[in-house]
Structure formats: C-alpha cells, structure tokens
Amino acid sequence: MSVVPRAGRRAAIIQGLGTFLPERVVTNAALSERLDTTDEWIRSRTGIRERRWAESGTATGDLAVEAGARALKAASMSHVDVVVLATTTPDHPCPGTAPAVAARLGLGHAMAFDVSAVCTGFIYALATASSLIVAGLAESALVIGAETYSTILNPEDRSSAVIFGDGAGAAVLTAGDLAEPGALLGFDLGSDGEHADLITVPAGGSRQRAQDVEPDPADFYFTMRGREVFTHAVTRMGQSSKALLDRIGWPTASVDHLVGHQANVRILQSLADFLDIERRRAVVNLDRVGNTSAASIPLALADAVRLGTVQAGDRVLLSAFGGGLTWGSTALIWPEIESC
Ligand code: COA
C-alpha cells in the first residue's frame with residue numbers, strides 16, 4: 001500500500017533527532033569467550049564489530065526517555081500532542097511503555113501508545129504519527145524507536161546473540177507544508193503474516209499459555225531463521241523502496257542516502273545493488289551498534305547527520321524490514337536541523 005500526501009498540503013516535518021546508547025560495549029571478542037564464534041566470523045558475515053547492551057535493571061523505557069529528551073531538546077520543544085513508541089521489547093506486556101515515557105518526559109496528558117512491528121517499528125510509528133498530523137488530530141509528535149534485545153536473546157544461540165544490540169532513537173515531528181524540507185513525502189507499508197514464523201518469541205503472549213502447558217524457558221527467547229530472513233529483507237525493502245520512489249517521482253539515481261535497516265552489511269549492499277544505488281550511498285553504523293531493531297533507522301540517520309554525511313538539501317530514503325513480516329519506506333529532503 002502506498003500513500004502520498006497531496007502536493008501543497010499539510011504534512012509532518014522532522015524537527016529534531018535524539019539518540020541514546022547504553023554505556024556497556026560488548027565486543028565480538030567478548031562474545032567469542034562464551035559462544036562458539038569468532039570475531040572474524042561475525043565481522044565477515046554481518047559487518048558488526050561491537051554492540052551496546054544495557055545493564056541489568058535498565059529497561060527499554062529508560063533508553064526511550066533519554067532519546068526522547070534529546071530529540072525534544074534538539075527541536076527546542078517541551079510539548080507534543082502524541083508520543084508513538086516503537087518497540088519489540090516493551091517494559092511490560094501491559095500497559096504500553098509510551099504513556100510512562102511521556103509522563104517521565106513531562107509531556108502531561110499527551111496521547112501515547114506503542115507500535116509493535118519489530119524492526120520496521122520506527123517507520124510504522126513515523127507513518128502513524130504523520131497520519132495523525134496530516135489528519136489534523138495532532139500538531140506535533142514524538143516518535144521513538146527503543147529496544148533492549150539483550151533481554152530476549154538466548155545466551156546460547158550464537159546466530160542471534162551476536163547480531164542484536166540495545167539503543168534508542170527519536171524524532172520530533174510538527175505540522176507544516178509538504179513543500180518544506182523535512183516533510184515526510186510519502187510511505188510504502190506492508191506485511192506478510194504467512195511468514196510470521198521466521199522471527200518469533202514463541203511464549204509470553206496468549207498463544208502459548210503458562211496455565212495450559214509448562215513453557216520451555218527457551219521459548220521466551222527471540223528466534224530467527226537467518227538465511228530466509230536475509231533474502232526477504234533484501235527483496236521486501238527493495239520492492240518497498242521502489243514503490244515509494246515511483247509514487248513520489250524520485251529516480252533511484254537521485255537518492256543521496258539510503259538509510260536501510262541495519263541488520264547486516266551484506267543486506268545493505270544487496271539492497272543498494274537491487275535498487276541500482278551506489279553502495280557508498282548506503283549509510284552504515286551497524287558495525288558499532290549491531291541490529292537495534294526499532295531503534296535502527298533513527299540511530300543510523302542521526303549518526304550520518306552527526307558525521308556530516310547527510311546534509312541539508314540531501315535526498316534521503318529510509319527503508320526497514322522486520323518480523324511479522326513487516327516492511328516500510330519513507331523519504332524526505334533533509335532539513336536544516338539539529339541532531340542531539
Ligand atoms: N559464529 C559462527 N558460526 C555461526 C554463527 C556464529 N555467530 N552463527 C551461525 N553460524 C553458523 C551456522 O551454524 C551455520 O553452520 P552450519 O553450516 O554448520 O550449519 C553457518 O554458520 C552458516 O549459517 P547461516 O545461517 O547460513 O549463515 P549466514 O551466512 O546466513 O549468516 C546471519 C547468518 C544470521 C548473519 C544471516 O543469515 C543474517 O544476517 N540474516 C538476517 C538477519 C536479520 O536481518 N535479522 C533481522 C531482520 S529484521
């Protein structure tokens with residue numbers, strides 16, 4: 001499904017970015033000490049050198065508050081009408097994490113809710129907040145992607161434990177005109193639940209009830225069929241990006257920066273090849289943070305802005321893919337704004 005706000009119409013504009021990473025760095029060498037893996041395997045198969053894992057006692061909401069506060073500061077705003085928090089690792093199964101995050105940020109009684117779309121969560125959350133703004137239900141929004149995957153990784157599963165990291169990224173959106181730099185120009189969003197079993201946490205929901213069967217403790221951990229996920233990631237992000245670019249009239253050659261979901265550097269390279277975009281235009285920060293799921297897109301974007309790679313006036317394509325399966329893409333001309 002592709003939806004593009006009509007030209008000259010109300011749109012959501014990015015006003016500020018904020019990020020937060022836990023302090024604890026976990027290197028490939030550290031993981032190799034307790035898992036049957038090596039730094040060489042992890043770097044050559046994924047591109048990841050290190051990731052951050054939160055200390056015990058730090059929850060997703062804590063990271064979200066830090067990133068959200070920085071985004072609000074960068075946008076010089078102390079109030080928003082809605083907080084949308086994308087996460088796979090909420091603080092509790094109930095209630096959502098967003099209301100507590102909004103309260104801790106001093107955002108009063110702002111509408112606040114979580115979005116669950118795994119690694120596509122930030123794009124789905126951007127689309128949701130953007131739609132509320134375009135519909136006139138909100139003038140401003142704080143969109144956060146935050147995760148603590150370290151809490152759901154099976155410490156004995158080398159194929160997932162080496163990939164994921166913790167972190168949070170956030171963006172402030174305000175109402176403006178579609179012609180302004182920073183306007184989210186359109187979205188392509190989709191899902192395919194036929195492949196829901198490729199990425200799962202089997203227990204902890206209503207499907208596998210603790211009162212019926214004694215669950216296997218391993219079922220509370222994240223599981224992934226990596227090789228199949230790899231192929232889906234490239235084709236789904238590729239097709240979604242193409243659909244979006246067609247709708248907004250951007251030739252792929254005009255894209256200055258491809259900010260794809262940071263799952264694996266080989267996925268990003270294959271995605272660039274699929275789109276016929278030069279590989280050097282693909283933003284990469286997974287070497288330092290790993291796959292941070294819903295936090296991946298804002299962390300990569302903010303990093304590229306901080307390093308001066310993405311500059312005002314550049315054409316930026318964002319595309320993500322995740323469990324569900326889910327995927328989504330959006331695009332914007334980068335505005336003159338702060339990243340904090
Ligand atoms: N260290 C050493 N060997 C490992 C390993 C590790 N950390 N993880 C897996 N292996 C082994 C496997 O056991 C397998 O061994 P076998 O051939 O003896 O069975 C071998 O490496 C190849 O496994 P495979 O899964 O085919 O490797 P791969 O090249 O596909 O790389 C991933 C594995 C997970 C890195 C890769 O599939 C991937 O990145 N997938 C997508 C992940 C992703 O994007 N997830 C999030 C989507 S939102």
Side-chain contact test, heavy atoms from C-beta onward, threshold under 4.5 Å: evaluate it for [X] versus [Y] and give yes or no.
X	Y	value
Leu126	Phe187	yes
Phe113	Val84	yes
Phe122	His261	no
Leu301	Val283	no
Trp334	Ile14	yes
Pro155	Tyr221	yes
Arg49	Thr27	no

| request: Begin from the C-alpha positions of Leu72 and Ser78 and carry the test side chain to side chain contact (heavy atoms under 4.5 Å, CB included) through to its verdict. | output: CA-CA 6 Å; Leu72 288 165; Ser78 55; over 6 Å; no

So, does [X] use its side chain to make a donor-acceptor pair with the main chain of [Y] at under 3.5 Å?
X	Y	value
Asp287	Gly47	no
Arg51	Val162	yes
Gln15	Ala75	no
Gln262	Gly260	yes
Asp91	Gly61	yes
Trp53	Pro22	no
Glu147	Thr292	no
Arg10	Ile133	yes
Arg266	Arg45	yes
Thr330	Gly186	yes

Is there a path from [X] to [Y] through hydrophobic residues (I, L, V, M, F, W, Y) whose side chains come within less than 4.5 Å of each other?
X	Y	result
Leu245	Leu185	yes
Val118	Val201	yes
Phe164	Leu21	no
Leu178	Ile248	yes
Leu132	Val172	no

Roughly how far apart are [X] [atom1] and [Y] [atom2], rounded to 0.5 Å?
X	Y	atom1	atom2	answer
Thr309	Arg280	OG1	CZ	11.5 Å
Ile277	Leu271	CD1	CG	7.0 Å
Thr120	Phe321	OG1	CZ	7.0 Å
Thr37	Glu40	OG1	CD	9.5 Å
Glu139	Asp81	CD	CG	6.5 Å
Ile13	Thr174	CD1	OG1	6.0 Å

What is the minimum heavy-atom distance between [X] and [Y], and which atoms define it?
X	Y	value
Ala30	Val26	CB-CG1, 4.5 Å
Arg315	Pro251	NH1-CD, 4.3 Å
Ala64	Ala146	CB-CB, 3.8 Å
Ala86	Ala294	O-CB, 3.5 Å
Ser160	Phe222	CB-CD2, 4.1 Å
Ala161	Leu31	O-CD1, 3.9 Å

| Qualifying salt bridge (charged side-chain N to carboxylate O under 4.0 Å, His left out) pairs, either residue in residues 14-25, two or more places apart | none

| task | Can you tell me which residue pairs pass the salt bridge (charged side-chain N to carboxylate O under 4.0 Å, His left out) test with a partner in residues 155-170, sequence neighbours excluded? | result | Asp36-Arg158

| message | Does Arg225 form a side chain to side chain contact (heavy atoms under 4.5 Å, CB included) with Asp197? I'd like the steps, not just the answer. | response | CA-CA 8 Å; Arg225 301 220 299 269; Asp197 60 334; 3.3 Å; yes

| said: For His195 and His232, take the angle between the two ring planes, folded into 0 to 90°, and tell me which bin it lands in: parallel under 30, tilted 30 to 60, perpendicular over 60. | reply: tilted

| said: Looking at Asp188 and Lys242, is any side-chain nitrogen of the basic one under 4.0 Å from a carboxylate oxygen of the acidic one? | reply: no

| task | Identify the residue among Asp314, Leu317, Val316 that makes a side chain to side chain contact (heavy atoms under 4.5 Å, CB included) with Leu332. | result | Val316

| field | Qualifying residue for side chain to side chain contact (heavy atoms under 4.5 Å, CB included) with Leu142, from Val101, Leu105, Leu173 | value | Leu105

| said: Would you say Thr200 and Thr223 are linked by a side-chain donor-acceptor pair, where the criterion is simply a distance under 3.5 Å? | reply: yes

| With no hydrogens and no angle check, do the side chains of Tyr124 and Thr326 hold a donor and an acceptor under 3.5 Å apart? | no

| task | Identify, with sequence neighbours excluded, every residue that meets salt bridge (Lys or Arg N to Asp or Glu O under 4.0 Å) alongside Arg288. | result | Asp303

| side chain to side chain contact (heavy atoms under 4.5 Å, CB included) partners for Asp39, two or more places apart | Asn28, Arg43

| query | Among pairs that include at least one residue of residues 57-67, which meet side-chain hydrogen bond (donor to acceptor under 3.5 Å, both in side chains), considering only residues two or more places apart or in two chains? | reply | Thr60-Thr89, Thr60-Thr148, Asp62-Arg104

| task | Begin from the C-alpha positions of Ile144 and Phe20 and carry the test side chain to side chain contact (heavy atoms under 4.5 Å, CB included) through to its verdict. | result | CA-CA 11 Å; Ile144 310 174; Phe20 184 75; over 6 Å; no

| request: Using the test side-chain hydrogen bond (donor to acceptor under 3.5 Å, both in side chains), find all partners of Asp192 that sit at least two apart in sequence or belong to another chain. | output: Arg236

| message | Could you walk me through whether Thr46 and Leu286 satisfy the side chain to side chain contact (heavy atoms under 4.5 Å, CB included) test, starting with their C-alpha distance in whole Å, then the side-chain angles of each, then the deciding distance to 0.1 Å, before giving a yes or no? | response | CA-CA 9 Å; Thr46 71; Leu286 60 82; 5.6 Å; no

